[in-house]
Amino acid sequence: MTETELSLRRELAACYRLIAHFRMSDLIFTHISLRLPGPEHHFLINPYGLLFEEITASSLVKIDLQGRPVGAACHPVNPAGFVIHSAIHAAREDARCVLHTHTRAGCAVAALECGLLPVNQMSMEFYGNVAYHAYEGVALDMDEQQRLVADLGNKPVMMLRNHGLLTTGRSVAEAFLRMYYLEKACEIQLAAQSAGQLILPSTEVCVRTERQFNAPGRGLKQGELTDPDALHLAWAALLRMLEKVAPGYLD
């Protein structure tokens, strides 16, 4: 194993532990994958049967786009996880990390006709950036891959109708923080919808806020500041927390 692969394994294992810590896991189900460097499109995914809080860097399974293990593999891979993640890794070079959850709030908003609304600042990061994929049953049909990829397009996140949430990222940190805040956005929306009539910002404000999140250097106005280090600082803080609560993920 190269030093690069070991480092990426530790990042992905950290992500599994964080999803467990923030109560976004679903027993041994759902999945997070990370494509390794190289033309082979090999990627790492969770060993089927382990809770997210049990996953370590060495226990992650390396597979190819056909679902075959690369090297020694002590655990099988969830077939539904393979169908979803291999499709996206094959189609999107920028989707190095793919994260999928079945949370209560995420599943609820994915089942709403309106989908995600710009209810709060957290949700505006995703304004115009959410794809939707109609439910077709448990993702065990390889034919669904084409429709899944077509629906995702070039969007960074997707709501799987009647199923759950999916985020992509150029790094583990980006995919995780997108999921963290997508989940928060869903929670806030459900709370607001249950309390009364929604007040939504104007389209102009939503577009501007999305740009502040995702393209902070573009179209700056006089006096407008940027925060380019937010993702790096947040991820570093999360890793410091893990060193205290779940240091075993590095093994």
Side-chain angles (χ1 to χ4, degrees), residues 1-38 41-63 69-75 77-78 81-82 84-86 88-89 92 94-103 106 122 125 156-157 164-185 227-251:
M1 187 185 304
T2 65
E3 286 297 320
T4 297
E5 180 176 334
L6 177 59
S7 176
L8 292 174
R9 281 176 172 271
R10 286 175 170 171
E11 285 186 40
L12 185 57
C15 190
Y16 275 101
R17 296 298 184 98
L18 288 168
I19 290 294
H21 178 80
F22 289 107
R23 300 182 181 276
M24 290 189 280
S25 59
D26 178 14
L27 298 180
I28 63 170
F29 306 101
T30 77
H31 353 273
I32 316 167
S33 61
L34 178 63
R35 195 175 72 241
L36 295 170
H41 277 76
H42 294 162
F43 62 95
L44 302 171
I45 197 165
N46 50 313
Y48 197 22
L50 295 189
L51 296 170
F52 282 19
E53 64 197 34
E54 297 179 290
I55 291 174
T56 64
S58 61
S59 68
L60 291 163
V61 180
K62 187 197 304 189
I63 61 175
V70 178
C74 300
H75 294 274
V77 170
N78 184 329
F82 164 70
I84 294 171
H85 290 248
S86 62
I88 297 172
H89 284 305
R92 289 272 300 271
D94 63 312
R96 291 192 60 215
C97 184
V98 180
L99 202 169
H100 172 45
T101 61
H102 295 161
T103 61
M122 292 181 186
E125 174 184 352
V157 307
L165 304 179
L166 185 146
T167 63
T168 69
R170 292 162 292 186
S171 65
V172 173
E174 188 172 59
F176 173 80
L177 285 166
R178 279 176 173 161
M179 182 60 76
Y180 180 86
Y181 283 108
L182 183 60
E183 174 69 13
K184 290 292 183 185
D227 188 12
D229 299 322
L231 186 148
H232 170 75
L233 292 173
W235 183 248
L238 288 165
L239 294 183
R240 290 197 302 273
M241 181 196 71
L242 274 186
E243 289 175 5
K244 298 176 183 177
V245 303
Y249 77 92
L250 292 169
D251 297 338

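- Rounding to the nearest 0.5 angstrom, the gap separating the CG atom in L165 from the OG1 atom in T101 is 4.0 Å.
- Smallest separation of non-hydrogen atoms from A13 and I55: CB-O, 4.4 Å.
- Taking all atoms of both residues into account, the shortest heavy-atom contact from L12 to I45 is CD2-N, 4.5 Å.
- Put simply, the side chain of T167 never gets that close to the backbone of V157: no donor and acceptor are under 3.5 Å apart.
- To the nearest 0.5 angstrom, Y48 atom OH is 8.5 Å from H31 atom NE2.
- Atom CZ of F52 is separated from atom CG of L18 by 12.0 Å, given to the nearest 0.5 angstrom.
- R9 and S58 make their closest contact through NH1-O, 3.8 Å (heavy atoms, listed as atom of the first residue, atom of the second, distance).
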Problem - Verdict with supporting geometry, F43 and S86, side chain to side chain contact (heavy atoms under 4.5 Å, CB included) - result: CA-CA 8 Å; F43 62 95; S86 62; 4.0 Å; yes

Handout entry: V70 and I63: CA distance, side-chain angles, deciding distance, side chain to side chain contact (heavy atoms under 4.5 Å, CB included) verdict
Key = CA-CA 5 Å; V70 178; I63 61 175; 5.5 Å; no

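- Going from atom CG of N46 over to atom OG1 of T30 covers 7.0 Å, rounded to the nearest 0.5 Å.
- Side-chain atoms of E54 never come within 3.5 Å of backbone atoms of L50 as a donor-acceptor pair (strictly under, hydrogens ignored).
- Under the 4.5 Å side-chain criterion, counting only non-hydrogen atoms from C-beta, L99 is in contact with I19.
- Taking 4.5 Å as the limit, some side-chain heavy atom of Y16 sits within range of a side-chain heavy atom of L60.
- Considering CZ of R35 and CZ of R92, their distance stands at 10.5 Å, rounded to 0.5 Å.
- Counting heavy-atom neighbours within 6.0 Å of H232 NE2, excluding the residue itself, gives a total of 12 or less.
- Panel note: side chain H85, backbone I32; no donor-acceptor pair is recorded below 3.5 Å.
- Of all non-hydrogen atoms in A173 and L231, the two that sit nearest each other are CB-CD2, 3.7 Å.
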Handout entry: Full working for side chain to side chain contact (heavy atoms under 4.5 Å, CB included) between H100 and I88
Key = CA-CA 12 Å; H100 172 45; I88 297 172; over 6 Å; no

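- At distances below 3.5 Å, not a single donor-acceptor pair connects side-chain atoms of Y181 with backbone N or O atoms of E125.
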Pairs under 3.5 angstrom only: tabulate donor-acceptor contacts from the side chains of residues 236-251 to other protein residues two or more places apart or in another chain.
none

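- Within the 4.5 Å cutoff, the side chain of E174 has no heavy atoms near those of the R96 side chain.
- Between A175 and C97, the shortest heavy-atom contact is CB-SG, 3.7 Å.
- Note that CE of M179 is 6.0 Å distant from CG of L166, once rounded to the nearest 0.5 Å.
- With T168 contributing its side chain and V98 its backbone, the two residues share no donor-acceptor pair below 3.5 Å.
- Side-chain contact between F176 and E11: absent, with no pair of heavy atoms (C-beta onward) separated by less than 4.5 Å.
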